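By convention in this document, chain letters (A, B, ...) are assigned in the order of the sequence lines, proteins followed by strands, and residues within each chain are numbered from 1. If you're wondering where the values come from, they're calculated on a predicted model, not measured in any experiment.
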Amino acid sequence: MLELHFIRTNKERVLQGLKIRNFTGEELRVVDEVLQLDDTRKDTQTELDSILAERNQLSREIGGLFKAGKKEEAEAMRRRVSELKERASGLEEKLKATVEALNEALYTIPNIPHESVPAGNTDSDNEVYKPWPGELPQLESGALPHWELAQKYNIFDLELGTKITGSGFPLYRGKGARLQRALISFFLDEAVKAGYEEIMPPLLVNEDTARATGQLPDKEGQMYTVERDNLYLIPTAEVPLTNIYRDVILEEKDFPIKLTGYTPCFRREAGSYGAHVRGLNRVHQFDKVEIVQFQHPDRSYNTLYEMLAHVEGVLQKLELPFRILRLCGGDLGFTSALTFDFEVYSAAQERWLEVSSVSNFETYQSNRMKLRFRDGKSTRLAHTLNGSALALARIVAALLENNQTPEGIVIPKALQAYTGFSRLD
RNA sequence: GGUGACGUGGGUGAGUGGCUGAAACCACCGGUUUGCUAAACCGGCAUACUCUGAAAGGGGUAUCGCGGGUUCGAAUCCCGCCGUCACCGCCA
């Protein structure tokens with residue numbers, strides 16, 4: 001969530017940012033509401049504190065009086081303290097209710113977009129930050145979309161996944177399964193080479209964890225839940241990886257902290273069906289290697305571009321045509337200040353598929369998480385960033401389609417050491 | 001899942017109702033001494049909120065796993081939850 005201090009001292013910027021996110025005049029009122037609630041909170045806190053201070057003072061005196069054997073005086077004082085206690089408990093309730101209302105309001109305010117974020121409503125307003133410089137691949141007539149290639153080569157099976165679980169849970173087999181494993185290892189190795197520490201985190205997380213990275217309450221419907229144990233299946237490795245540093249105070253010399261992890265990702269993705277979600281285009285379970293960084297606020301944007309370059313490098317090694325988009329205000333994730341999406345061109349479907357999203361959250365997540373670092377005498381919130389490097393399912397889709405030949409599917413050179421075969425047939 | 005023990009600051013670890021935000025030691029930071037290093041000595045060393053001040057700073061409140069309760073007063077007593085460890089049960 002946004003820092004109260006920031007809202008207070010940069011109100012105009014906050015309002016401006018929310019407008020970029022297409023907040024209406026009505027919706028903008030939440031900013032004033034937050035500031036008013038915070039005023040109430042402060043006043044209540046101050047009043048309560050002074051009552052408690054008096055209580056503590058009197059209690060100390062009572063102790064002295066008892067020791068001195070002055071029973072009557074002590075009794076009189078006790079009655080005074082009782083009165084104070086009643087007033088205090090009323091204020092405590094008010095304080096609690098105010099803080100709750102304040103947090104609720106704060107949770108409805110998304111991150112303020114970075115100044116470079118273009119205005120816009122939908123994904124069609126996203127800016128092409130880096131177009132694909134060459135020609136887009138053209139397939140010969142008779143080229144198949146990946147779901148048909150899957151049948152032809154028996155590499156994954158959606159119907160079997162449906163039989164076992166439900167739609168959107170693909171089952172990979174044979175060389176298809178091997179290709180998955182190869183991509184995961186390749187992506188992890190690339191990240192480790194770039195200085196990221198490899199983590200294998202839990203796949204189920206608790207409520208605190210889901211709240212800290214912003215899945216709760218903003219995207220509650222996106223996650224699968226294990227109600228009996230009050231746990232959530234992770235929608236991305238970002239959640240457990242970032243939460244490693246929840247409630248931690250770092251030293252400045254700790255920066256940057258770079259983590260990577262492979263996990264399956266589970267997403268309910270309620271909504272649209274049809275051609276755009278066929279095959280592996282959108283599934284409920286997919287594999288992804290994530291990169292996460294924790295950085296000093298002054299350097300986080302350099303880090304963002306470094307992460308962009310990393311993803312670019314990996315895609316180049318896979319020899320896939322891709323472009324980079326800068327998300328517009330309307331398409332920007334709730335917790336992000338600036339996001340770049342990577343899209344890979346899928347030649348058989350003749351459309352771009354999103355395979356990575358790289359974001360700087362600035363202090364939005366770290367404020368929820370209380371992730372700070374020591375800055376002289378005080379503490380400051382760190383910046384958190386993350387990106388996919390990369391998401392498998394759509395990479396596989398593009399790989400299969402773009403590399404199909406009459407002799408089978410050609411495996412990119414960089415991947416052959418991992419697959420153990422150079423052609424999938 | 002059952003039974004038992006335990007949960008104190010970065011670490012070890014004192015502390016069973018008041019003067020304990022918390023001893024001592026270690027680690028860490030600053031300084032003195034030393035030709036350098038080491039040692040010794042002195043000082044500092046939690047977080048959040050808040051009031052005050054131009055600032056340096058000063059005051060207050062809360063926090064000893066979490067949440068309730070008892071009491072004038074709780075790290076200390078009571079209840080619930082969570083976690084750790086040990087043993088048993090189950091088990092890849």
Gap in Å between the two [atom1] atoms, one belonging to [N] and one to [M], rounded:
N: B:rU8; M: B:rG60; atom1: P; value: 28 Å
N: B:rG89; M: B:rG1; atom1: C1'; value: 8 Å
N: B:rA27; M: B:rC41; atom1: P; value: 12 Å
N: B:rA38; M: B:rU32; atom1: C1'; value: 16 Å
N: B:rU76; M: B:rU63; atom1: P; value: 10 Å
N: B:rG58; M: B:rA22; atom1: P; value: 15 Å
N: B:rG9; M: B:rU47; atom1: P; value: 14 Å
N: B:rG7; M: B:rC78; atom1: P; value: 13 Å

Nearest-angstrom distance from the residue atom [atom1] of [X] to [atom2] of [N]:
X: A:Glu207; N: B:rC82; atom1: CD; atom2: C1'; result: 14 Å
X: A:His5; N: B:rU50; atom1: NE2; atom2: C1'; result: 15 Å
X: A:Asn56; N: B:rU61; atom1: CG; atom2: C1'; result: 8 Å
X: A:Leu231; N: B:rC82; atom1: CG; atom2: P; result: 12 Å
X: A:Asn206; N: B:rG83; atom1: CG; atom2: P; result: 10 Å
X: A:Glu61; N: B:rU71; atom1: CD; atom2: C1'; result: 18 Å
X: A:Asp247; N: B:rU63; atom1: CG; atom2: P; result: 17 Å
X: A:Arg78; N: B:rU70; atom1: CZ; atom2: P; result: 15 Å

Residue pairs passing the side chain to side chain donor-acceptor pair (under 3.5 Å) test with at least one member in residues 99-123 of chain A, sequence neighbours excluded, are A:Asn22-A:Asn121, A:His114-A:Ser116, A:Ser116-A:Arg326, A:Thr122-A:Ser124
Show me the pairs that pass side chain to side chain donor-acceptor pair (under 3.5 Å) and involve residues 43-58 of chain A, at least two apart or across chains. A:Gln57-A:Glu61
For A:Ser422 and A:Gln416, what are the C-alpha separation, side-chain angles and deciding distance, and is it a side chain to side chain donor-acceptor pair (under 3.5 Å)? CA-CA 6 Å; A:Ser422 57; A:Gln416 290 179 10; 4.9 Å; no
Check residues 150-160 of chain A and write down every donor-acceptor pair under 3.5 Å in which the side-chain atom is one partner and the other belongs to a residue at least two apart or another chain.
residue: A:Asp157; atom: OD1; partner: A:Glu159; partner atom: N; Å: 3.0
residue: A:Asp157; atom: OD1; partner: A:Leu160; partner atom: N; Å: 2.9

Any pair with a residue in residues 379-395 of chain A that passes salt bridge (Lys or Arg N to Asp or Glu O under 4.0 Å), sequence neighbours left out, goes on the list, sorted by first then second residue, please. A:Asp375-A:Arg380
Would you mind listing every salt bridge (Lys or Arg N to Asp or Glu O under 4.0 Å) that reaches into residues 176-205 of chain A, with sequence neighbours excluded? A:Glu190-A:Lys193, A:Glu190-A:Lys317
Sorted by chain and residue number, the side-chain hydrogen bond (donor to acceptor under 3.5 Å, both in side chains) partners of A:Arg60 (sequence neighbours excluded) come out as none
Pairing partner (Watson-Crick or G-U wobble, both distances under 3.5 angstrom) of [N]:
N: B:rC90; result: none
N: B:rG7; result: B:rC82
N: B:rU61; result: B:rA48
N: B:rG30; result: B:rC42
N: B:rC72; result: B:rG18
N: B:rG53; result: none

By side-chain contact (heavy atoms from CB on, under 4.5 Å), which residues pair with A:Glu148, not counting sequence neighbours? A:Leu144, A:Pro145
From A:Asn402, A:Asp425, A:Leu424, residue fulfilling side-chain contact (heavy atoms from CB on, under 4.5 Å) relative to A:Ile409: A:Leu424
The single option from A:Thr384, A:Leu250, A:Val248 passing side-chain contact (heavy atoms from CB on, under 4.5 Å) against A:Ile257: A:Leu250
Please tabulate, one pair per line, all N/O donor-acceptor pairs under 3.5 Å involving side-chain atoms of residues 25-32 of chain A, not counting sequence neighbours.
residue: A:Glu27; atom: OE1; partner: A:Thr24; partner atom: N; Å: 2.8
residue: A:Glu27; atom: OE1; partner: A:Thr24; partner atom: OG1; Å: 3.3
residue: A:Asp32; atom: OD1; partner: A:Lys11; partner atom: NZ; Å: 2.7

Which atom pairs, donor and acceptor, lie under 3.5 Å between side-chain atoms of residues 285-309 of chain A and protein residues at least two apart or in another chain?
residue: A:Asp287; atom: OD1; partner: A:Tyr262; partner atom: OH; Å: 2.6
residue: A:Asp287; atom: OD2; partner: A:Gln180; partner atom: NE2; Å: 3.2
residue: A:Lys288; atom: NZ; partner: A:Thr236; partner atom: OG1; Å: 2.8
residue: A:Lys288; atom: NZ; partner: A:Glu290; partner atom: OE1; Å: 2.6
residue: A:Gln293; atom: NE2; partner: A:Tyr196; partner atom: OH; Å: 3.0
residue: A:Gln293; atom: NE2; partner: A:Glu306; partner atom: OE2; Å: 3.1
residue: A:Gln295; atom: NE2; partner: A:Thr303; partner atom: OG1; Å: 2.9
residue: A:His296; atom: ND1; partner: A:Asp298; partner atom: N; Å: 3.0
residue: A:Ser300; atom: OG; partner: A:Asn360; partner atom: ND2; Å: 3.0
residue: A:Ser300; atom: OG; partner: A:His383; partner atom: ND1; Å: 2.7
residue: A:Tyr301; atom: OH; partner: A:Glu362; partner atom: OE2; Å: 2.4
residue: A:Thr303; atom: OG1; partner: A:Arg299; partner atom: O; Å: 3.3
residue: A:Glu306; atom: OE2; partner: A:Lys258; partner atom: NZ; Å: 3.1

Please work out which residues in residues 80-108 of chain A have a non-hydrogen atom less than 4.0 Å from an atom of RNA chain B and list them by number. A:Val81, A:Lys85
Strictly below 4.0 Å, heavy-atom distances to any atom of RNA chain B: list the hits from residues 33-52 of chain A, or just say none. A:Arg41, A:Lys42, A:Gln45, A:Thr46, A:Asp49, A:Leu52
Could you run down the sub-3.5 Å N/O contacts of the protein with nucleotides 45-48 of chain B?
residue: B:rU47; atom: OP1; partner: A:Arg374; partner atom: NH1; Å: 2.4
residue: B:rU47; atom: O3'; partner: A:Arg372; partner atom: NH2; Å: 2.8
residue: B:rU47; atom: O2'; partner: A:Arg372; partner atom: NH2; Å: 3.2
residue: B:rA48; atom: OP1; partner: A:Thr379; partner atom: OG1; Å: 2.5

Stacked cation flag A:Lys175 on A:Phe421, 6.0 angstrom / 45 deg: yes
